[in-house]
Amino acid sequence: MQFSELALYLEKLEKTSSRLEITRILSELFEATTSAEVDKIVYLSLGILAPNYEGVLLNLAEKMMIRTLALAFNKSADEVKSLYKKSGDLGDTAEELSQSTVHPSQFTVTDVYEKLLDIAKDNGEGSQERKIEMTSSLLKNLDSLSVRFVARIPVGKLRLGFSEKTIIEALGISDTEYNIYPDIGHIAYLTKTNNLKNIKPKIGVPVVPMLAARLNSTTEMVAKMGQVSVEPKFDGLRIFIHFKRKDNIVKIFTRNMNSIPLETFPELLGVGKFIKAEEVILDSEAIGIDPTSPRLRGAGVFLDFQKTIQRRRKHNIKKTAGEIPLQFQIFDVLLLNGKSLINEPYINRRMELEKIIIGGSLLRVDENTVTKDPEIIKEMHKKYLKMGLEGVVVKKANGKYVSGRTGWNWVKMKEEEGQSGRLSDTLDCIVMGYFTGKGKRAQFGLGKILVGIKDGDVIRTLTKVGTGLTEAMLVEIKNRLNKLQSKEKPKEYEAQKDLIPDVWAVPSLVIEVTADSISKSTKHSLGLSLRFPRFLRIREDKGAGDATTLGELIWWPYFSAKYGLAFVGLLLPASLIQFFVNREVSRYTAITGKGIWSGFLSLGKYFTYPLFLLCFVNFLWLGGYASAGGTALFELTRFPLSFSDRGGTLFWSYILIIGFSGIFLFSKIIYKSLENFMKVVSAITVLGLIFSAFQPEVRVFAGEFFKYFFNPLSIRWPTTWEASDSSHLVTAIAFAGMGGFLNLLYSYWMKDKGVGMAKYTSKVKGLLIKEEEEVEEEKDLVFADTEENKIMWKGWIKFLNFDSLLAVTINAITAGLTTLLAFAILFPKGIFPTGWKITVVQAQFFESSLGYWGRILFLLVASAFMIDTWVGLTDGVARQFADFTYKVRKLGKSFRFWYYFWLGFLILTSLITITLAQPGVLITIIGVISIFAFVLYIPALWYLNYIKLPQEYPVFIKPKKWESVTLLLTWIFYLAIAAGYLWTVF
DNA sequence: GATGTCTGCCCC
DNA sequence: ATTCTGC
DNA sequence: GCAGAATGGGCAGACATC
């Protein structure tokens, strides 16, 4: 096959992301290949020349390829470099350069393969220059598409989206043969020539190693694996020992199936003395031992990994072997005297192992404990950590030897719960600059960052970080650093010359990094570095500190800003469940035409008076909403100029409260006015939120967010938790819909909407609107048991179901979207404003992404939404209170009187409460009260609607049994939350 | 001979 | 090695 | 949950350069 033809296949594969489709294209390619070439095609498309264990190395990679391209296409190395930085892929760069000239391609796949092999074979003095020349002449004689792929091979990054596993699938075979004969080219050849037969592990041919997956819960381990063997995890080199007594054959392979010459580990020359078998393949971990330490029954003190790996060398072996003797911790046997054991249960393999290994200072069989008890696993993990090991590896007792990491067979312990790395503390580091990304990350212009910490007056490098960054975070960090970038290295920085980032940044941005351990470093100017560093989050001053905190628009964003997605899955169920409360509240009013407090009062004053008292306390804080609207307006206008934040907020809040009180004076039917205003503002708010959610900076977070949003099972307890947030969480759940006593407002809204029997009662009118006829008292309306009424009733029920559902849905959408915004905008920055300042912070974001007008729009809508909420609640609560006081006969006065009385009272309290410096505590109490309110009044609703009313009203109003069940479940839900809250508090 | 740079389907 | 992402 | 592709520190070896 011409290489150019292969290149066409590779191009198609590169463009495809579906693995099924990739597999299909690959099998098409193998179909079109001769058996003489299939191995070479497989190797080249994986970017290799031979299986790993044959040790064929090109010794030509990134830097030399840059020189090669410069030579081949007559450019300077700097020109090539700058193109490479842009594309992030040397193959793409090579293709781009080669397009300037026409090169007819004559090479077959075999030609290219052999030329690359020649390049690999060359070594010795002058070989670097020769390799460059050979590679350059190869590239010059290929068409530009072929150049793209050939240039990528030495760099080892084909980026075609497939690897051995996919090739095995494309060949239409299982991986059993490959796993014990991991020469993918040869396997492809055998498949093509129909010679693939069942084989067994062979001395001298590595087996694809079995790897451990990671879990952080021992319970989950037992759940997934049942009975397990618990063993220590050593920090050394994974070594496979192949031994055949005949001819004293000893071969050694690493985890990556690289062969290590026996001379490297001379102690294994005589390994046969310690093995009671003719032929074995052993799986082990080699660890360096401190030779000066006393040996207890042969066992020594382990050295760390950096010491151990010094044994992987060609020179000075004798001296190093004396300084760092190796101990081989054996834990598995795959072949024994000609018999494959890979399909035997693990404990059986171990039993064989114990029979054949003579333990001493060279070989030791790992100790192990067989158990089903998660607690024992936990204890052993702690024990081994204390001993300076890496914890435990937990293995399914009856598991076969399964190559790779598939399935749950071997598991290592992820960090302990409550920790995000094995380092006891995470580190806050200064971002010193960034490097442009390679491959997929090139499009973000940032692939990794250089971080350091302050050391006196200078800032020294500590590590680079590239893992742990989501694509959204790459964008975020890039944007931030662009504002901080510096042409020159800031003078307080100290960095060695191979750690010069592509772009410097002045010290400002701080990120949180975790790692497994701290190591000594010669590369980093601090003299220390991190082992397995990973990015956690951006750190920022905790920002806005005002303690004022409000209902559902604040708490959910607060949680997602602080704890990410941990509780997001709870929002939807918590808001939807309020549907069952709302419809019962509405049902009562639809049947009787009366407000819900009338119903409660009919149950007796000992129940109702305390409940009302709770309700009264609950609504003292209404002013907060007005104050949130005021904040937004002050932020928007910055008027009056000399005012502080607090003063400005108060100024605008008073204006809003006084201005919007006009509605109460002049509206014809107050509820109707409010409803219309609310409709407009809600529509603008929802549209604004949706628009915001579609901004690219937010959109990149949306997929992840909604995956959690729609999955209640994703709820998890965050690893760090502030005790005070228990109350906040309860508050968030209560406020997911309306919350506690707020839900009772449905009764009064239904009343003024004129739903059901409420059609026949009077409505509340504005103070200055003359009543045409004073309806002093609601009569007990008669609801006759007629067929006509029955049909009407069905219509009402439909309406109130629809209305209640619509309300919770809109609530869930708005709360969901604001929470998404908080997750996208605030969480990455580590800001969790504890108050209504969240709107201000969001507005700042919109200014940077949408410009000035985006910010204005956002603040306007936010203030309108907030004040609208205040007006709506003030009206509703005044009616609740009025209904109560009106019905307590001895107080006298009309309903209208009481309504205006309470309206005045609430406006006054609003004016007062917004001046309180610390309303935070009060608000938390209210969240908790709300949950207990549900617990108290849901049974009362049930009694009214399911028992009491059916006795007085026509039989068709009686709810179905299943409706009783839904209400019971709702009650249990809140009861459980209330109980859980009490549990965590006490 | 000492030092610097690059590579390793390195090892973890 | 760890982590994220598309399937 | 899999497979693939981003990314880390630090070691020795090989070659180039001073």
Side-chain angles (χ1 to χ4, degrees), chain A residues 17-22 43 46-53 55-64 66-67 88 123-129 131 153-166 169 211 213-214 235-239 254-258 260 264 285-286 304-316 320 390 404-408 414-415 421 435 437-442 444 447-449 462-474 497-498 513-524 528-536 703-704:
Chain A
S17 62
S18 153
R19 237 168 65 81
L20 291 172
E21 180 64 10
I22 288 176
Y43 292 140
L46 290 173
I48 58 174
L49 296 177
N52 235 348
Y53 55 92
V56 181
L57 300 176
L58 273 160
N59 279 313
L60 178 154
E62 195 182 38
K63 299 288 164 67
M64 297 234 315
I66 290 172
R67 288 168 60 194
N123 63 69
E125 203 177 322
S127 63
Q128 290 193 353
E129 215 48 50
K131 279 171 195 271
I153 290 170
V155 187
K157 295 240 139 70
L158 269 290
R159 300 196 178 97
L160 300 176
F162 66 89
S163 179
E164 279 92 346
K165 306 245 184 195
T166 313
E169 254 182 73
L211 304 173
R214 299 194 120 208
D235 190 11
L237 309 176
R238 181 88 175 264
I239 295 292
T254 68
R255 196 197 100 144
N256 296 326
M257 295 172 283
N258 276 317
I260 294 181
T264 310
E285 187 87 3
D304 61 22
F305 176 77
Q306 275 78 1
K307 268 281 170 216
T308 300
I309 203 171
Q310 290 182 16
R311 285 296 309 274
R312 246 217 111 175
R313 57 169 54 239
K314 280 181 170 175
H315 310 301
N316 270 330
T320 332
E390 289 200 306
R405 201 166 267 139
T406 307
W408 299 101
K414 222 181 159 136
E415 73 267 6
F435 299 86
K438 314 245 168 86
K440 197 170 185 233
R441 290 205 178 167
F444 300 103
K448 56 194 173 189
I449 50 190
L462 171 71
T463 184
K464 290 185 283 184
V465 196
T467 192
L469 295 152
T470 61
E471 291 176 358
M473 190 54 70
L474 296 173
K497 64 166 166 293
D498 52 344
V513 170
T514 188
D516 271 23
S517 55
I518 294 173
S519 57
K520 277 197 177 172
S521 175
T522 53
K523 211 169 90 177
H524 285 278
L528 296 173
S529 195
L530 302 179
R531 191 181 191 202
F532 311 143
R534 36 212 193 260
F535 171 90
L536 287 181
E704 193 186 1

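Only this structure's heavy atoms are used, side chains among them; waters, hydrogens and symmetry mates stay out. In what follows, every chain begins at residue 1, and chains take the letters A, B, ... in the order their sequences are listed.
- The C1' atoms of C/dA1 and B/dG8 are separated by 15 Å, rounded to the nearest whole Å.
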Check: Which dot-bracket string fits DNA chain D when only Watson-Crick or G-U wobble pairs with both atom distances under 3.5 Å count, crossing pairs get [ ], and | stands for a partner on a different strand?
Finding: ||||||||||||||||||
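- The distance from atom CD1 of A/I260 to atom CZ of A/R311, rounded to the nearest 0.5 Å, is 10.5 Å.
- Atoms CD1 (A/I48) and P (B/dT7) sit 19 Å apart, rounded to a whole Å.
- The phosphate of D/dG10 (OP1 or OP2) has no side-chain N or O of A/K523 nearer than 4.0 angstrom.
- Side chain of A/K63, nearest nucleotide from D/dG9, B/dC6, B/dC10: B/dC6.
- At a threshold of 4.0 angstrom between heavy atoms, the contacts of A/T308 with the nucleic acid are absent.
- The nearest pair of heavy atoms linking A/S529 to A/H524 is OG-CD2, 3.5 Å.
- In the set D/dG9, B/dC10, D/dA6, B/dC10 carries the atom at the smallest distance from any side-chain atom of A/N256.
- Among the heavy atoms of the strands, none lies under 4.0 Å from A/L20.
- Using a 4.0 Å cut-off, some side-chain N or O of A/T406 falls inside it from OP1 or OP2 of D/dA3.
- Comparing A/T166 and A/K438 by the nucleotide of DNA chain D whose heavy atom lies nearest to each, the residue mapping closer to the 5' end is A/T166.
- Atom-to-atom, CZ of A/R19 to P of D/dG4 comes out at 5 Å; the value is rounded to the nearest Å.
- Comparing D/dG9, D/dT7, B/dT7 against the side chain of A/S529 picks out D/dG9 as the nearest.
- A/K307 comes within 4.0 angstrom of nothing in the nucleic acid, heavy atoms only.
- Per the geometry, NZ belonging to A/K157 stands 12 Å off C1' belonging to D/dG4, to the nearest Å.
- The residue A/G439 sits close only to the backbone: its heavy atoms come under 4.0 Å of sugar-phosphate atoms, none of a base.
- If you take CZ of A/F305 and P of D/dC11, they are 10 Å apart, rounded to a whole angstrom.
- Distance check, rounded to the nearest 0.5 Å: CG of A/D304 to CD1 of A/I309 gives 11.0 Å.
- Put simply, A/S18 has no side-chain N or O that comes within less than 4.0 Å of OP1 or OP2 on C/dC7.
- Counting non-hydrogen atoms under 4.0 angstrom, A/G468 reaches the backbone sugars and phosphates but no base.
- A close approach under 4.0 Å does not occur between any side-chain nitrogen or oxygen of A/R534 and OP1 or OP2 of C/dA1.
- For the OP1/OP2 pair of D/dG10 and a distance below 4.0 Å, the side-chain nitrogens and oxygens of A/R531 include no atom meeting the criterion.
- Within the nucleic acid shown, A/E169 has no heavy atom closer than 4.0 Å to any nucleic acid atom.
- The distance from atom CZ of A/F532 to atom C1' of C/dC4 is 18 Å, rounded to the nearest whole Å.
- Taking only side-chain nitrogens and oxygens, A/S17 never comes nearer than 4.0 Å to OP1 or OP2 of C/dG6.
- Rounded to whole Å, atom C1' of B/dG8 lies 10 Å from atom CG of A/N52.
- At the heavy-atom level, A/L469 lies under 4.0 Å from the strands shown only through sugar-phosphate atoms.
- For A/F162, the listed nucleotide lying nearest its side chain is D/dG4; candidates were D/dG4, D/dT7, B/dC12.
- Dashed line: the shortest gap from a side-chain N or O of A/K448 to OP1 or OP2 of D/dG8 is under 4.0 Å.
- Among the heavy atoms of the strands lying under 4.0 Å from A/K520 are primed sugar atoms or P, OP1, OP2 only; no base atom is included.
- For A/E62, the side-chain hydrogen bond (donor to acceptor under 3.5 Å, both in side chains) partners two or more places apart in sequence, or in a different chain, are A/Y84, A/K438.
- Nearest-nucleotide positions on DNA chain C place A/R255 closer to the 5' end than the other of A/K440 and A/R255.
- At a cut-off of 3.5 angstrom, the base of C/dT2 holds at least one donor-acceptor pair with the side chain of A/T467.
- Counting only heavy atoms from C-beta on, A/S163 has its side chain closest to D/dG4 among B/dC6, C/dT5, D/dG4.
- Within the model, atoms NZ of A/K448 and CG of A/L469 stand 12.0 Å from one another, a figure rounded to the nearest 0.5 Å.
- Following rounding to the nearest Å, A/I449 (CD1) and D/dG9 (P) show an atom-to-atom distance of 12 Å.
- Interatomic distance, NZ of A/K165 versus OG1 of A/T406, reported as 4.5 Å (0.5 Å rounding).
- The salt bridge (charged side-chain N to carboxylate O under 4.0 Å, His left out) test applied to A/E169 returns A/R19, not counting sequence neighbours.
- For A/R238, the salt bridge (charged side-chain N to carboxylate O under 4.0 Å, His left out) partners are A/D283, not counting sequence neighbours.
- Taken to the nearest 0.5 Å, the CZ atom of A/R531 stands 4.0 Å off from the CG atom of A/D235.
- Side-chain contact check for A/T514 versus A/R534: some heavy-atom pair is nearer than 4.5 Å.
- Applying the side-chain hydrogen bond (donor to acceptor under 3.5 Å, both in side chains) criterion to A/N59, with sequence neighbours excluded, gives no partner residue.
- Across all strands shown, A/L160 has heavy atoms under 4.0 Å from sugar-phosphate atoms exclusively, and none from any base.
- Here the CG atom belonging to A/L237 is positioned 9.0 Å from the OG1 atom belonging to A/T254, to the nearest 0.5 angstrom.
- Between A/K165 atom NZ and C/dG6 atom P the separation is 21 Å, expressed in whole Å.
- Across all strands, A/D498 comes closer than 4.0 Å to no nucleic acid atom at all (heavy-atom distances).
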Next item on the list: Assign a letter to each nucleotide of nucleotides 12-18 of chain D from its 5' end: B, base within under 4.0 Å of a protein heavy atom; S, sugar-phosphate only; -, no contact.
Entry: SSSSS--
